[in-house]
Amino acid sequence: MHTDLQEILLTEEQIHQRVQEMGRQITKDYAGKTILMCGILKGAVTFFTDLARTIDCPVLFDFMSCSSYGTSAQSSGFVKIRKDLDSEVKGKDILIVEDIIDTGITLNKLRPLLEDRGANSVRLATLLSKPERRKVDVQVDYNGFEIPDAFVVGYGLDYAGRYRNLPYIGILKKEVYAK
Ligand code: IMP
Ligand code: MG
């Protein structure tokens, strides 16, 4: 285990098993369709590539990057798109792929935005969800794991850009982000 971690929350094996299950469900639900997988950079990249390889139907890849600015005093934040999708969304079956739903602010803005562009359908797959932290409602169609209110890193998730390459997900020691 990395020395900056307090504990491992999800092992490589647990993640692998769950991602396989999610892929099987998605394959069933999208039978006969082509999925436009929209990954949210950068945190979702690891989950995205693993999930994509478990889906047994035609898939297209695209990515977007956004940042959300919300303060504790506000119930809804402002979400800025830093990099938009390259693809035309109209008529497509979109699967948004995210690493973690925390306050829900990012996806609460993003989902209607893609729907407004005329997508045939928009669904959301997230590896992790912290329900205790939710500030706004988000419909999650595929959820890997519900986790407690702790700051986690690894398997794509970062703190200050670091730890994304850890193959498991762990809880970061408080002293790491307090210093
Ligand atoms: P929200 O749902 O709009 O609050 O934002 C979710 C985003 O916040 C995620 O895509 C992550 O980039 C980031 N995030 C939230 N919780 C964590 C965490 O525990 N570790 C790493 N990043 C997190
Ligand atoms: Mg993110």
Side-chain angles (χ1 to χ4, degrees), residues 10 12 15-16 18-70 76-130 134 136-145 152-167 169:
L10 297 165
E12 270 188 86
I15 298 167
H16 177 76
R18 187 68 185 117
V19 173
Q20 297 289 320
E21 287 172 10
M22 294 175 85
R24 277 197 290 273
Q25 187 61 51
I26 291 167
T27 301
K28 263 192 212 159
D29 295 351
Y30 284 87
K33 291 181 175 164
T34 297
I35 307 173
L36 177 58
M37 288 181 72
C38 297
I40 310 300
L41 298 171
K42 302 169 185 146
V45 165
T46 314
F47 174 49
F48 183 103
T49 59
D50 280 351
L51 183 66
R53 282 175 284 184
T54 68
I55 298 175
D56 188 17
C57 48
V59 157
L60 300 169
F61 284 13
D62 208 341
F63 297 93
M64 65 193 298
S65 169
C66 33
S67 49
S68 90
Y69 303 93
S76 79
F78 174 75
V79 176
K80 185 182 166 200
I81 296 181
R82 287 210 192 106
K83 183 226 171 282
D84 206 339
L85 299 172
D86 297 329
S87 317
E88 168 76 61
V89 164
K90 201 168 166 26
K92 301 275 170 58
D93 293 296
I94 310 276
L95 181 64
I96 302 172
V97 181
E98 178 60 305
D99 51 1
I100 185 167
I101 310 296
D102 185 33
T103 63
I105 289 169
T106 310
L107 264 299
N108 180 270
K109 298 276 158 146
L110 213 57
R111 198 178 172 134
L113 190 132
L114 297 180
E115 281 161 354
D116 290 350
R117 291 183 187 177
N120 183 52
S121 67
V122 180
R123 287 188 185 165
L124 166 64
T126 184
L127 181 68
L128 307 174
S129 172
K130 289 187 203 170
R134 208 72 92 245
V136 292
D137 217 39
V138 176
Q139 188 196 325
V140 180
D141 303 285
Y142 306 99
N143 183 24
F145 301 92
V152 294
V153 294
Y155 195 72
L157 291 133
D158 74 304
Y159 170 67
R162 297 178 59 203
Y163 313 107
R164 292 194 198 275
N165 58 325
L166 298 178
I169 292 171

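Of all the heavy atoms in Leu124 and Gln139, the pair that sits closest is CD2-O, 3.6 Å. Tyr142 and Gln25 make their closest contact through CE2-CG, 3.8 Å (heavy atoms, listed as atom of the first residue, atom of the second, distance). Residues Ala119 and Val122 approach most closely at CB-CG2, 3.7 Å, considering heavy atoms. Minimum heavy-atom separation, Lys90 to Glu88: CB-OE2, 3.2 Å. Closest of all the heavy-atom pairs between Cys66 and Val79 is CB-CG1, 4.0 Å.
Residue Leu60 holds its CG atom at 6.0 Å from CG of Leu36, rounded to the nearest 0.5 Å. Of the inter-residue distances, the one linking Phe145 atom CZ with Lys130 atom NZ reads 15.5 Å to the nearest 0.5 angstrom. Atoms CD1 and CD1, on Ile55 and Ile35 in that order, are 4.5 Å from each other to the nearest 0.5 Å. Rounded to the nearest 0.5 Å, atoms CG (Leu110) and CD1 (Ile81) are 6.0 Å apart. How far CG of Leu85 is from CG of Leu113: 9.0 Å, rounded to the nearest 0.5 Å. Taken to the nearest 0.5 Å, the OG atom of Ser129 stands 11.0 Å off from the CD atom of Glu98.
The side-chain contact (heavy atoms from CB on, under 4.5 Å) test applied to Glu12 returns Pro167, not counting sequence neighbours. When the side-chain contact (heavy atoms from CB on, under 4.5 Å) test is applied to Asp93, the partners found at least two apart in sequence or on another chain are Tyr30, Lys33, Asn120, Ser121.
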Test side chain to side chain contact (heavy atoms under 4.5 Å, CB included) applied to Thr103 and Arg134, step by step: CA-CA 4 Å; Thr103 63; Arg134 208 72 92 245; over 6 Å; no
From CA spacing to verdict: side chain to side chain contact (heavy atoms under 4.5 Å, CB included), Leu157, Ile100: CA-CA 8 Å; Leu157 291 133; Ile100 185 167; 3.5 Å; yes
Test side chain to side chain contact (heavy atoms under 4.5 Å, CB included) applied to Cys38 and Leu95, step by step: CA-CA 6 Å; Cys38 297; Leu95 181 64; over 6 Å; no
Full working for side chain to side chain contact (heavy atoms under 4.5 Å, CB included) between Ile105 and Val138: CA-CA 8 Å; Ile105 289 169; Val138 176; over 6 Å; no
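Within the structure, side chain to side chain donor-acceptor pair (under 3.5 Å) pairs that include any residue of residues 54-66 comprise Asp62-Ser87 (at least two apart or interchain).
Counting heavy atoms of neighbouring residues, nucleotides and ligands inside a 6.0 Å radius, atom CG of Asp137 does not exceed 12 of them. Within 6.0 Å of NZ on Lys83 lie more than 12 heavy atoms contributed by other residues, nucleotides or ligands.
Checking side-chain atoms of Arg18 against main-chain N and O of Asn143 turns up a donor-acceptor pair under 3.5 Å. Using a distance-only test at 3.5 Å, with no hydrogens or angles considered, no donor-acceptor pair links the side chain of Arg162 to the main chain of Asp158.
Side chains of Lys92 and Leu114 form no contact here, defined as non-hydrogen atoms less than 4.5 Å apart. Proximity of Leu127 to Ile169: side-chain heavy atoms (C-beta onward) are separated by under 4.5 Å at one or more points.
A salt bridge links Arg111 with Glu115: the distance from a Lys NZ or Arg NE/NH1/NH2 to an Asp or Glu carboxylate oxygen falls below 4.0 Å. Ion pairing of Arg24 with Glu21 is absent here, as no side-chain N (NZ or NE/NH1/NH2) approaches a carboxylate O to less than 4.0 Å.
Here the rule is side-chain contact (heavy atoms from CB on, under 4.5 Å) with Ile96, and of Ile40, Thr126, Asp141 only Ile40 fits it.
Ring orientation note: the planes of Phe61 and Phe48 are nearly perpendicular, at an angle over 60° on the 30°/60° scale.
The closest side-chain donor-acceptor pair between Tyr155 and Asp99, if any, does not fall under 3.5 angstrom.
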